[in-house]
Amino acid sequence: MADGYRIFGAEMSPYSVKVRSYFRYNGIPHQWILRNGDSQAEFEQHARMPIIPLVLTPEGSGIQDSTPIIEQMETLYPDPSIHPIDTVAGFVSALIEEFGDEWGNKWMFHYRWTREVDQIASAGRIARMRASTASEEQHEALTMQVRKRMVERVWFVGSNEVTATQIETGFQDMLGLLDSHLEGRPYLFGSRPAFGDFGLWGQLYELWTDPAAGALIEGGAPRVLDWIQRMLWPRIEGPFESWTTLQATLMPILTRQVGAQFMAWTLGNENAVAEGAGEFSVQLGDRVWIQKPQKYHARSLAMLRAKYTEVANKAALDPVLDEAGCLGGLRA
């Protein structure tokens, strides 16, 4: 397809819809292709890893991993930029993008595959996506197969009997903080979407489409719900805000969620990967978190640190990161 990009993805993949939202916002010509049996051969021809999204360029090369995809597109389509000019807001946006991808995915995966109602609903949707013309008997069998496989994987993201309450109370706390922050502004950093919007939104969108988490969002976070729907087709409604106007309601998210939860976890994960541990535990506030280490995230943390290093003048940024509990981890 010489006149546009092709996005191989799925509606139930937070990273796929994240990329699609970005392409829509930037007005980049593209075709959305459902990855299923019909598209599998073409997907395998261009994919280096068995993950979605895969973006196939007009020249025929494949790009994978949602963050690098968006960053590469930003170099080709820099206007409108998704990076606030304000130094503090700009880096905080990148930090929240990483937080959404890595910590927000724990909320999404846990809610989707813990309760029976969510397991059945999600497995059924995936089964129908993969085999849209299957008979009811075939669909039921595939649904059971998908459900079994995905439920067995919840431990990978850290969902288990020790962490379940932490995940759910953390998500509900985030909903309240985010709903307060979105009062009076359409996007996280003002009147246009930023990098952080896309990373966090992909997970929240998926949570909204599932029964248990969707009920929490619709029942108690109306501004979050508006933002979720707005980000399906995001657009410029005005300028980015400066950190001065964002700080009052964004700082609690940084301190209570990003610093106290995500940064503490990611440093524990990094140590576990370096030591070759099969499992690790880390103290998050007054509770212990336990899970298997995630090797990929150790690499994405290195990329986040590189972005911090690239900030030329950190005079205003460092006090914010220090207050949030993130500075030490980014300097490591």
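Aromatic ring pairs are classed by plane angle as parallel below 30°, tilted from 30° to 60° and perpendicular above 60°; the pair His83 and Phe195 is perpendicular. Ring orientation note: the planes of Phe262 and Phe99 are nearly perpendicular, at an angle over 60° on the 30°/60° scale.
Heavy atoms only, all atoms of each residue included: Pro53 and Val19 are closest at CG-CG2, 3.8 Å. Closest approach of Ile236 and Arg192 over heavy atoms only: CG2-NH2, 3.4 Å. When all heavy atoms of Val320 and Met251 are compared, the pair lying nearest together is O-CE, 3.3 Å. Across all their heavy atoms, Gly190 and Leu246 have their closest contact at N-CD2, 4.4 Å. Heavy atoms only, all atoms of each residue included: Met231 and Ser21 are closest at O-OG, 2.6 Å. Pairing each heavy atom of Ala194 with each of Ser93, the nearest pair is CB-OG, 3.5 Å.
With hydrogens and angles disregarded, no donor-acceptor distance shorter than 3.5 Å links the side chain of Arg153 to the backbone of Arg149. With Gln64 contributing its side chain and Arg48 its backbone, the two residues share a donor-acceptor pair below 3.5 Å. A distance-only check finds no donor-acceptor pair linking the side chain of Ser122 to the backbone of Gln119 [under 3.5 Å]. A donor-acceptor distance shorter than 3.5 angstrom exists from the side chain of Thr163 to the backbone of Asn160, with no hydrogens or angles considered.
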Steps toward side-chain contact (heavy atoms from CB on, under 4.5 Å) verdict (Phe240, Leu188): CA-CA 9 Å; Phe240 286 123; Leu188 298 185; over 6 Å; no
Under the side-chain hydrogen bond (donor to acceptor under 3.5 Å, both in side chains) rule, what do Thr143 and Glu140 come out as? Steps first, then yes or no, please. CA-CA 5 Å; Thr143 297; Glu140 184 176 350; over 6 Å; no
Going through the checks in order, is the side-chain contact (heavy atoms from CB on, under 4.5 Å) test met by Val288 and Leu284? CA-CA 6 Å; Val288 174; Leu284 301 184; over 6 Å; no
Full working for ring pair (Phe, Tyr, Trp, His ring centres under 6.0 Å) between Trp107 and Trp208: CA-CA 11 Å; Trp107 303 328; Trp208 171 58; over 10 Å; no
Criterion salt bridge (charged side-chain N to carboxylate O under 4.0 Å, His left out) on Arg128 and Glu136, from CA distance to verdict: CA-CA 10 Å; Arg128 188 59 72 190; Glu136 285 304 310; 3.3 Å; yes
Check the pair Thr255 / Glu323 against side-chain hydrogen bond (donor to acceptor under 3.5 Å, both in side chains), numbers first and verdict last. CA-CA 7 Å; Thr255 55; Glu323 181 181 347; over 6 Å; no
In sequence, state the C-alpha distance, the side-chain angles, and the governing distance for Trp265 and His297, and then conclude on ring pair (Phe, Tyr, Trp, His ring centres under 6.0 Å). CA-CA 11 Å; Trp265 169 81; His297 181 64; 5.0 Å; yes
For side-chain contact (heavy atoms from CB on, under 4.5 Å), just list the numbers for Ile228 and Glu206, CA-CA rounded to whole Å, side-chain angles, deciding distance to a tenth of an Å, and then say yes or no. CA-CA 10 Å; Ile228 288 171; Glu206 296 298 335; over 6 Å; no
Assess whether side-chain contact (heavy atoms from CB on, under 4.5 Å) is satisfied between Thr244 and Asp86, documenting all intermediate values. CA-CA 10 Å; Thr244 302; Asp86 181 285; 5.8 Å; no
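Only one option out of Tyr5, Phe23, Tyr22 pairs with His30 in a ring pair (Phe, Tyr, Trp, His ring centres under 6.0 Å); it is Phe23.
Residues Asp101 and Ser300 have side chains that never bring a donor and an acceptor to within less than 3.5 angstrom of each other. No hydrogens or angles considered: nothing links the side chains of Gln203 and Lys18 as a donor-acceptor pair under 3.5 Å. Side-chain atoms of Gln40 and Glu44 form a donor-acceptor pair, as typed in the model, at a separation below 3.5 Å. Between the side chains of Thr169 and Thr165, no donor-acceptor pair is found at a separation under 3.5 Å. In summary, the side chains of Asp197 and Tyr25 do not present any donor paired with an acceptor at a separation below 3.5 Å, with no hydrogens or angles considered.
Clustering ILVMFWY residues whenever any of their side-chain heavy atoms sit less than 4.5 angstrom apart, transitively, puts Ile63 in the very cluster that holds Tyr77. Leu34 and Leu56 are assigned to two separate hydrophobic clusters, defined by single-linkage of ILVMFWY side chains at heavy-atom distances under 4.5 Å. In terms of hydrophobic clustering, with Ile, Leu, Val, Met, Phe, Trp and Tyr side chains grouped at heavy-atom distances under 4.5 Å, Trp233 and Tyr205 are assigned to a common cluster. In terms of hydrophobic clustering, with Ile, Leu, Val, Met, Phe, Trp and Tyr side chains grouped at heavy-atom distances under 4.5 Å, Trp289 and Val273 are assigned to different clusters.
Electrostatic pairing of Asp210 and Arg125 counts as a salt bridge here, judged by a charged N lying under 4.0 Å from a carboxylate O. In summary, Arg6 and Glu42 engage in a salt bridge, as defined by a charged side-chain N under 4.0 Å from a carboxylate O. Under a 4.0 Å N-O distance rule, the pair Arg305/Glu270 qualifies as a salt bridge.
Judged by the 6.0 Å and 45° rule, Arg20 forms a cation-pi pair with Trp32. A cation-pi contact, defined as under 6.0 Å to the ring centre and within 45° of the axis, is absent between Arg35 and Phe8. Figure legend: cation-pi geometry between Lys314 and Tyr308, with NZ or CZ positioned under 6.0 Å from the six-membered ring centre and within 45° of its axis.
Once rounded to the nearest 0.5 Å, the distance linking CG of Leu182 with CZ of Arg230 reads 7.5 Å. Taken from CZ in Arg287 to CD in Gln166, the straight-line distance is 5.5 Å, to the nearest 0.5 Å. To the nearest 0.5 Å, atom CZ of residue Arg24 and atom CG of residue Leu232 are 6.5 Å apart. Of the inter-residue distances, the one linking Ile96 atom CD1 with Leu200 atom CG reads 7.0 Å to the nearest 0.5 angstrom. Note that CG of Leu321 and CG of Leu254 are 8.0 Å apart. Values are rounded to the nearest 0.5 Å.
Side-chain contact between Val17 and Trp201 is present, with heavy atoms from C-beta onward closer than 4.5 Å.
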